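Step one of this worksheet: look at the structure below.
Remember, predicted model here, so these are calculated numbers, not experimental data. In what follows, chains are A, B, ... by sequence order, proteins preceding strands, each numbered from 1.
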2 protein chains.
Amino acid sequence: MLQSVSATALPLAAFPAPSVPVVPRHRSGPQEFHPPRSTLFLQGYARDRQYRLVEGCVALSQLLPDGRRQVMDILGPGRMIGVWTSDTSRCTAETLAYALIEPVDGLSAGENEAALRDMVARAQALAMLLGRKTAMERVATAILDLAAQFVRPTRNRRRGTVCFHLHPTRGDLADWLGLTVETVSRCFTRMKRAGLIDFQQPEIVTLLKPDAIAHIAAGGTVTDTL
Amino acid sequence: MLQSVSATALPLAAFPAPSVPVVPRHRSGPQEFHPPRSTLFLQGYARDRQYRLVEGCVALSQLLPDGRRQVMDILGPGRMIGVWTSDTSRCTAETLAYALIEPVDGLSAGENEAALRDMVARAQALAMLLGRKTAMERVATAILDLAAQFVRPTRNRRRGTVCFHLHPTRGDLADWLGLTVETVSRCFTRMKRAGLIDFQQPEIVTLLKPDAIAHIAAGGTVTDTL
DNA sequence: CGGATTGTTGAGCCCGATCAAGGCTGGTGG
DNA sequence: CCACCAGCCTTGATCGGGCTCAACAATCCG
């Protein structure tokens with residue numbers, strides 16, 4: 001039976017890491033290559049058609065009739081596409097970079113459930129972010145998540161710094177984080193000026209102080225971390 | 001293979017109706033009765049322990065270390081509790097009214113997946129609401145969802161009006177909708193003054209113009225609907 | 001009755017939206 | 001080769017929706 005226990009605060013500040021294996025398995029068809037900004041529209045596909053993103057970046061989003069957009073997730077290599085298929089969840093999937101995907105069939109019921117639970121966990125993390133976090137916290141959380149998904153093996157880097165390719169545009173990030181382009185841009189600028197991140201082109205981002213960024217994502221202020 | 005299709009705007013304004021049957025099945029244990037405001041803390045339970053809410057109301061929420069709360073869902077009769085169990089999703093479940101729950105075991109893999117997909121769909125609907133909707137739209141959406149879940153069979157009612165018991169407090173609603181108590185209260189007052197809803201006690205709400213409320217939830221303004 | 005909890009209402013402020021302008025980059029065609 | 005254009009990004013100025021702070025009413029319960 002259910003019991004009453006006092007709630008313990010868990011690390012819910014960040015997006016949960018996927019529990020599905022990143023190592024490709026269950027391949028059952030030829031890989032497909034899609035150019036950036038192409039729409040992989042998933043609505044109406046049979047339930048058993050699932051893909052794994054091998055390389056690249058895909059955004060899942062929903063559109064309101066009046067054009068307002070909410071990005072539900074940004075997927076990096078190893079993540080599953082199409083688990084949610086069937087008509088219960090209607091997301092548009094769009095590539096944000098050259099994307100290589102491979103069909104994955106024959107997942108066991110357990111693997112399927114695990115993938116679905118990951119989606120629930122990430123959707124709830126997004127809800128927490130959208131409902132209760134400030135703009136800086138949202139951007140910091142997003143940067144950490146994307147850095148984890150898109151780290152590129154770097155060399156000659158100072159200890160503790162991480163460099164990654166930021167595939168989504170400022171506009172995509174805004175639609176993901178419930179903000180506007182301008183606010184996202186301003187947050188990036190602030191973090192850059194604060195010495196937490198660096199970027200010459202807007203797409204190549206280096207985390208200079210990952211811990212400080214995590215601190216902000218968890219609710220600390222920027223000036224705190226300076 | 002995935003194909004490129006133009007996106008059609010679907011009715012994503014409202015919370016999706018659950019696809020799991022509301023009719024009790026798979027009972028496998030004695031029903032349990034819980035008083036209002038008792039915490040059914042689900043973290044750490046074995047995966048196979050699931051419940052169905054027979055009567056009453058339960059809120060699922062997450063807490064940030066600093067105390068900020070995000071309610072992830074409000075469950076009414078027929079909804080499943082514990083589908084998400086395992087350590088991927090950490091929600092606190094709290095009764096908002098006297099709640100009668102019954103253990104449900106032996107769900108088929110398909111039923112389990114359907115329940116999980118419902119959760120994903122509702123979590124994404126919440127993300128859309130939190131990221132892209134105004135306060136009035138959020139409250140209108142919430143009222144419609146709760147009305148659908150908690151309609152009480154009424155008599156002597158004018159056609160088209162719906163009366164229901166609103167179990168969550170203004171504070172619970174605020175934590176669900178990403179607002180403050182004051183804003184929620186003001187939205188209720190505005191809708192009351194606009195003749196869309198009515199309530200004598202804050203907990204017994206009558207929808208006077210459900211269509212107009214749906215119109216607001218979909219993005220229309222209040223003065224539009226007057 | 002007094003205290004606690006919840007709901008309502010008002011006044012003022014602030015964070016992030018909106019509006020506007022300009023810079024940078026990449027692609028296309030002359 | 002450069003001119004032109006279309007996106008994307010940045011930055012500034014201003015606005016406003018919802019938050020904060022505060023006071024008070026209503027209800028419940030001991």
Donor-acceptor pairs under 3.5 Å, side chain of residues 198-205 of chain A to any protein atom, not counting sequence neighbours: which ones?
{"from": "Glu203(A)", "atom 1": "OE1", "to": "His165(A)", "atom 2": "NE2", "distance (Å)": "3.0"}

**OP:** Just jot down the ring pair (Phe, Tyr, Trp, His ring centres under 6.0 Å) partners of Phe150(B), sequence neighbours excluded, or say none.
**Re:**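 Partners of Phe150(B) by the ring pair (Phe, Tyr, Trp, His ring centres under 6.0 Å) criterion, ordered by chain and then number, come out as His167(B).
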
Holding to salt bridge (Lys or Arg N to Asp or Glu O under 4.0 Å), I want the full list of residues that pass it with [X], two or more places apart in sequence or in another chain.
X: Asp73(B); result: Arg79(B), Arg122(B)
X: Asp172(A); result: Arg37(A), Arg69(A)
X: Arg186(A); result: none

Nearest to side-chain heavy atoms of [X], which nucleotide of [options]:
X: Pro202(B); options: dC9(D), dG7(C), dT10(D); value: dG7(C)
X: Arg186(A); options: dC19(D), dG7(C), dA13(D); value: dA13(D)
X: Arg170(A); options: dC19(D), dT10(D), dG7(C); value: dT10(D)

Nucleotide [N], atom [atom2] - distance to [atom1] of [X] in whole Å:
X: Arg190(A); N: dT11(D); atom1: CZ; atom2: C1'; answer: 15 Å
X: Phe199(A); N: dT10(D); atom1: CZ; atom2: C1'; answer: 9 Å
X: Ile204(B); N: dT27(D); atom1: CD1; atom2: C1'; answer: 14 Å
X: Gln201(A); N: dT25(C); atom1: CD; atom2: P; answer: 9 Å
X: Gln200(B); N: dT27(D); atom1: CD; atom2: P; answer: 11 Å
X: Lys133(B); N: dG18(D); atom1: NZ; atom2: C1'; answer: 18 Å
X: Leu130(A); N: dA17(C); atom1: CG; atom2: P; answer: 12 Å

**OP:** Can you sort out the partners of Asp66(A) under side-chain contact (heavy atoms from CB on, under 4.5 Å), two or more places apart, ordered by chain and number?
**Re:**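 Scan of Asp66(A) (side-chain contact (heavy atoms from CB on, under 4.5 Å), adjacent residues dropped) gives Leu64(A), Arg68(A).
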
Which residues satisfy the side chain to side chain donor-acceptor pair (under 3.5 Å) test with [X], sequence neighbours excluded?
X: Arg138(A); result: none
X: Thr183(B); result: Thr180(B)
X: Ser185(B); result: none

Original post:
Have Gln31(A) and Glu102(A) got a donor and an acceptor in their side chains that come within less than 3.5 Å?
Top reply: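 The answer is yes; a qualifying pair exists.
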
Output one line per pair: protein atom, nucleotide atom from nucleotides 15-17 of chain D, and distance, for all N/O pairs under 3.5 Å.
none

Original post:
Phosphate oxygens OP1/OP2 of dT11(D): is one of them under 4.0 Å from a side-chain N or O of Thr189(A)?
Top reply: yes

**OP:** Go through residues 173-184 of chain A and report each residue with a non-hydrogen atom lying under 4.0 Å from DNA chain C, sorted by number.
**Re:** Gly178(A), Leu179(A), Thr180(A), Glu182(A), Thr183(A)

**OP:** Check whether any side-chain heavy atom of Ile197(A) sits under 4.5 Å from a side-chain heavy atom of Thr206(A), and report yes or no.
**Re:** no

**OP:** Using five pairs at either end of the helix from dC1(C)-dG30(D) to dG30(C)-dC1(D), determine the angle between the two local helix axes and round it to 10 degrees.
**Re:** 30°

